[in-house]
Each structure stands twice: as structure tokens, then as C-alpha cells.
Amino acid sequence: MATLDLKQIRKTYRNAEVETLKGIDISIESGEFLILVGPSGCGKSTLMNTIAGLEDINSGEILIDGVDVSNVEPKDRDIAMVFQSYALYPNMTVKGNIAFGLKIRKMPQDEIDAEVKRVAEMLQMDQLLDRKPSQLSGGQRQRVAMGRALARRPKLYLFDEPLSNLDAKLRVEMRHQIKRLHQQLNTTIVYVTHDQIEAMTLADRIAVMKDGELQQLGTPKEIYNKPNNMFVAGFMGSPSMNFITTVVDLDDDQNPIIKVIGSANSEHHIKLPQSMRDQDGHKVVIGLRPEHITDTDSEDTSASTRLGLQIEVLEPTGPDTIAMVKVNDQEVACRLSPEFEGNIGEIASLNFDLSKAVYFDGETQQRIDF
């Protein structure tokens, strides 16, 4: 186990006009599982490669256990990396692939055999040791790649989108396997993915990136419930957070309010703090997760309201039903109970749990903290 500190990491490729990494600052505790997440091209894989030493940085510091390794060769950083492509030796057996790094280190054969046995039992690969990669399924190959990394017992593990080549069922199984391994070994892991479900289920903390910049670093609960901005809010969650654009208005008593308008003339006014009084005419975006617009009542009835909304699309998923409606003439996703009996075109009375709402500045897209 090891700590990892990234201090003002900057990276610009030769002939590139824009920085790929723009001053990334992240500190990772020993035994922590950090996930780097973001859309394609956000810089997450580049950041991973700089940690591994596969790419140089232009400025900044990479510290492992407090030691600056920014200019240290990859082989001397004591890091193991699991790639998306498995990177197994096709001419070697499973046992040979797992043992390869140990042989390079000139470990005694009896210790190699013991380590291979330990890893094989941990990953439930005892029956596969004599097979070659061509005889394995995708999930089995990924387990071998993980086993090769685990056998080295490095200070730090790096996973670069290890599950993206697997089908949906295998991804779920391997996710459980990785989660279980981390709980057993308490290892320090940095994991890159574009899959926000992997990020939410595996991570101790999540680093959300966009265009080479760190947008937010926090626990899955913090990222989900208190996103820093509309990008983070929209990226995390499936279906993603709904954004309802409103305009600050003043009521007859000069209190700042915003309006939520449904179908059939249904309307609700949300009173804002007096600090928003000088924002009359300013755009405010209400962020509500689909599960906070439902056909069932909220526990906190004082902070909820019902609106009549016309059902435009219904998508039964089994455990729930996703409905598309319009609020303030904007399409909104709602998560309804599986027993919902409404039909497309009908007006349904749906409950808005406004205690869970997040508000964003319509211009800057940053979260407003009242």
C-alpha cells in the first residue's frame, strides 16, 4: 500500500495547441480506491499513463509515499498496471503469465509457485493454470491480467478501463470481483473508466474530469447528491439528472421565486432565499434526479409538491418505469413504480421531492449554495 500525491500535473503533447492536463491536484490515501471518470478525451488515460511513467509530464510532481517519481523509469516505480487489452503473452500458460514478472525479478522457484497458487486461489483460477490465453474467455483473460498484477505485490495498482471489452453480464461479475479483492487486500488503486456505474459502485472517491481539468473530487455520495456544476450532475447517474431552466421573479411581497409549470395549467412556485432578491430576471436551473419525480409520496411532504404532467414516453425496466414528461416545456425523466398504470398521452399527478433539488446558476452552470 502507498499514498499517491499528484501536484499541479501539466501535460501538453508536441504540436498540440491545447494542454491535455491542466494542473491536476489529487491526493490519494494508502489503501484508497480512486476512480478517474469522464468522457472520451478528458485526459483520464493520459493522467494514468503519467502516473505509470509511460508518458512524461511537462511540469508538476508525482509522489509515491512522499517520494518524487516524476523522472523515475516505469520499472522502478513499483507500480502494476492492468490494461483494457489484457496484454497477455499468447505462447505462455496462465501460470507462465502470472509468474513472468516474478521470474524477471529472479525470485526463487518455490516462492514463485507459492505466489502463483495464492493468486490463482484468490481469483478462482486453479483449474486454468495450464491453459493458454486462446483457450480462455474474455472474463478469464482479464482475471489472468489481474493475477499477474497481484502477484507482484506492488505499492500501487493502476487499472485502465479493464472491463470495457467485456459484455454486460461479465462486467457486473468482474466488478464484484475487483470490489472483493480491494476489500480483502486493502490495496491502493487508481482506476480509469468512462462508465459512471463502475465509478459509483467501486470507488472510495471519484475524480470527475473534463477537458483536462478536475471538475470535482469526492465520495460517490457527494458527487451524486452535491455536484459542483451541471457537467458533473449530468455525467453521473442513469438516467442523468434533469435540468429545468427557470427565471427568478419577485412575487407580490417582493420575495424571489421560480416557477415550475406542468401540464393542464398546473404550477408551483418555489420560494428562494432573500439573498436571491437582486437576481430578478436571472436564469436558475433546477437539478432533480429522476427518482425524485415519482408517482409516490415523499417522506418529507413539507418540501414536495404534485404537478399534473402529460406522459409522453413510458419505458418499463422491471424494477421501475421510466417516464418522459415536460416541465417548463423541457423534457424530463421520471422514475415511477413498476405498478404505474398510466398510459401515454394521459395526465398523471407526479410528486416532486424538492428537498433533493440542486440549484445551478444559469450562466456559470455552477451549483448555487443558498
Side-chain angles (χ1 to χ4, degrees), residues 38-39 196 208 210 215-216 223-251 255-273 276 279-298 300 303-317 320-337 340 342-370:
Q196 49 88 22
V208 184
K210 178 191 178 189
Q215 299 293 308
Q216 188 169 355
I223 297 289
Y224 193 77
N225 294 326
K226 290 188 174 181
N228 280 353
N229 53 47
M230 289 176 63
F231 172 78
V232 175
F235 190 81
M236 304 302 292
S238 180
S240 60
M241 180 178 278
N242 296 302
F243 298 124
I244 304 168
T245 302
T246 65
V247 177
V248 178
D249 196 5
L250 299 179
D251 65 12
N255 295 309
I257 61 169
I258 50 179
K259 298 177 183 178
V260 180
I261 302 171
S263 307
N265 297 319
S266 61
E267 183 175 308
H268 179 72
H269 295 180
I270 302 172
K271 187 179 290 188
L272 299 178
M276 293 293 291
Q279 298 295 312
D280 185 21
H282 191 82
K283 284 186 180 180
V284 170
V285 178
I286 306 170
L288 266 178
R289 297 285 180 191
E291 59 267 29
H292 300 143
I293 308 174
T294 67
D295 52 328
T296 57
D297 289 327
S298 306
D300 184 2
S304 63
T305 188
R306 281 189 172 269
L307 285 180
L309 298 166
Q310 183 172 332
I311 305 296
E312 299 196 348
V313 177
L314 283 174
E315 298 178 352
T317 66
D320 50 35
T321 299
I322 303 299
M324 303 304 296
V325 299
K326 279 192 176 178
V327 180
N328 291 16
D329 287 327
Q330 299 156 62
E331 195 168 67
V332 167
C334 317
R335 196 181 293 275
L336 311 181
S337 64
F340 179 75
N343 297 307
I344 293 174
E346 293 180 352
I347 303 293
S349 176
L350 300 184
N351 182 71
F352 282 62
D353 186 354
L354 296 172
S355 68
K356 302 296 196 303
V358 185
Y359 299 91
F360 302 95
D361 186 293
E363 300 299 327
T364 67
Q365 300 193 352
Q366 298 298 305
R367 188 181 76 237
I368 302 172
D369 290 318
F370 295 130

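For this chain, numbers begin at 1 and follow the sequence in order.
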Where do Phe352 and Val332 land on the side-chain contact (heavy atoms from CB on, under 4.5 Å) test, with the steps shown first? CA-CA 12 Å; Phe352 282 62; Val332 167; 5.7 Å; no

Can you confirm whether His269 sits close enough to Asp251 that some side-chain heavy atom of one is under 4.5 Å from a side-chain heavy atom of the other?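 Result no, sub-4.5 Å side-chain heavy-atom pair not found.
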
Answer whether the closest heavy-atom distance between the side chains of Pro256 and Leu250 falls below 4.5 Å.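 They are in contact (side-chain heavy atoms under 4.5 Å apart), so the answer is yes.
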
Given [X], which of [options] fulfils the side-chain contact (heavy atoms from CB on, under 4.5 Å) condition?
X: Met241; options: Ile286, Leu288, Val358; answer: Val358
X: Leu350; options: Val325, Thr305, Thr294; answer: Val325
X: Val284; options: Ile270, Ile244, Val248; answer: Val248

Donor-acceptor contact present, side-chain [X] to main-chain [Y], <3.5 Å:
X: Gln279; Y: Met276; value: no
X: Glu312; Y: Lys326; value: no
X: Asn328; Y: Thr246; value: no

For [X] and [Y], work out which heavy atoms get closest and say how close.
X: Leu314; Y: Ala323; value: CD2-CB, 3.8 Å
X: Gly362; Y: His282; value: N-NE2, 4.5 Å
X: Ile311; Y: Ala348; value: CD1-CB, 4.0 Å
X: Ile293; Y: Asn242; value: CD1-ND2, 3.9 Å
X: Asp295; Y: Ser337; value: OD2-OG, 2.8 Å
X: Asp353; Y: Ser304; value: CA-CB, 4.2 Å

Distance, nearest 0.5 Å, that separates [atom1] of [X] from [atom2] of [Y]:
X: Ile261; Y: Leu309; atom1: CD1; atom2: CG; answer: 11.5 Å
X: His268; Y: Arg306; atom1: NE2; atom2: CZ; answer: 13.0 Å
X: Asp249; Y: Asp280; atom1: CG; atom2: CG; answer: 6.0 Å
X: Asp361; Y: Lys283; atom1: CG; atom2: NZ; answer: 11.0 Å
X: Arg335; Y: Thr321; atom1: CZ; atom2: OG1; answer: 10.5 Å
X: Ile347; Y: Leu307; atom1: CD1; atom2: CG; answer: 11.0 Å

Any chance CG of Asp329 has more than 12 other-residue heavy atoms, nucleotides or ligands included, within less than 6.0 Å?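 Atom CG in Asp329 is not crowded, with 12 or fewer foreign heavy atoms closer than 6.0 Å.
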
Report, one line per pair, each donor and acceptor closer than 3.5 Å where one atom sits in a side chain of residues 224-234; sequence neighbours left out.
from   : atom 1 : to     : atom 2 : distance (Å)
Tyr224 : OH     : Glu291 : OE2    : 2.4
Asn225 : ND2    : Lys221 : O      : 3.4
Asn228 : ND2    : Gln215 : O      : 3.2
Asn229 : OD1    : Phe231 : N      : 3.1
Asn229 : OD1    : Val232 : N      : 2.9
Asn229 : ND2    : Gln215 : OE1    : 3.0

Evaluate side-chain contact (heavy atoms from CB on, under 4.5 Å) for Lys356 paired with Arg289, printing each intermediate quantity in order. CA-CA 8 Å; Lys356 302 296 196 303; Arg289 297 285 180 191; over 6 Å; no

Over 60° means perpendicular and under 30° means parallel, so classify the ring planes of Phe370 and Tyr359, tilted if in between.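 If you compare the ring of Tyr359 with that of Phe370, the planes turn out tilted.
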
Using the test salt bridge (charged side-chain N to carboxylate O under 4.0 Å, His left out), find all partners of Asp369 that sit at least two apart in sequence or belong to another chain.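 Asp369: salt bridge (charged side-chain N to carboxylate O under 4.0 Å, His left out) contacts with Arg367.
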
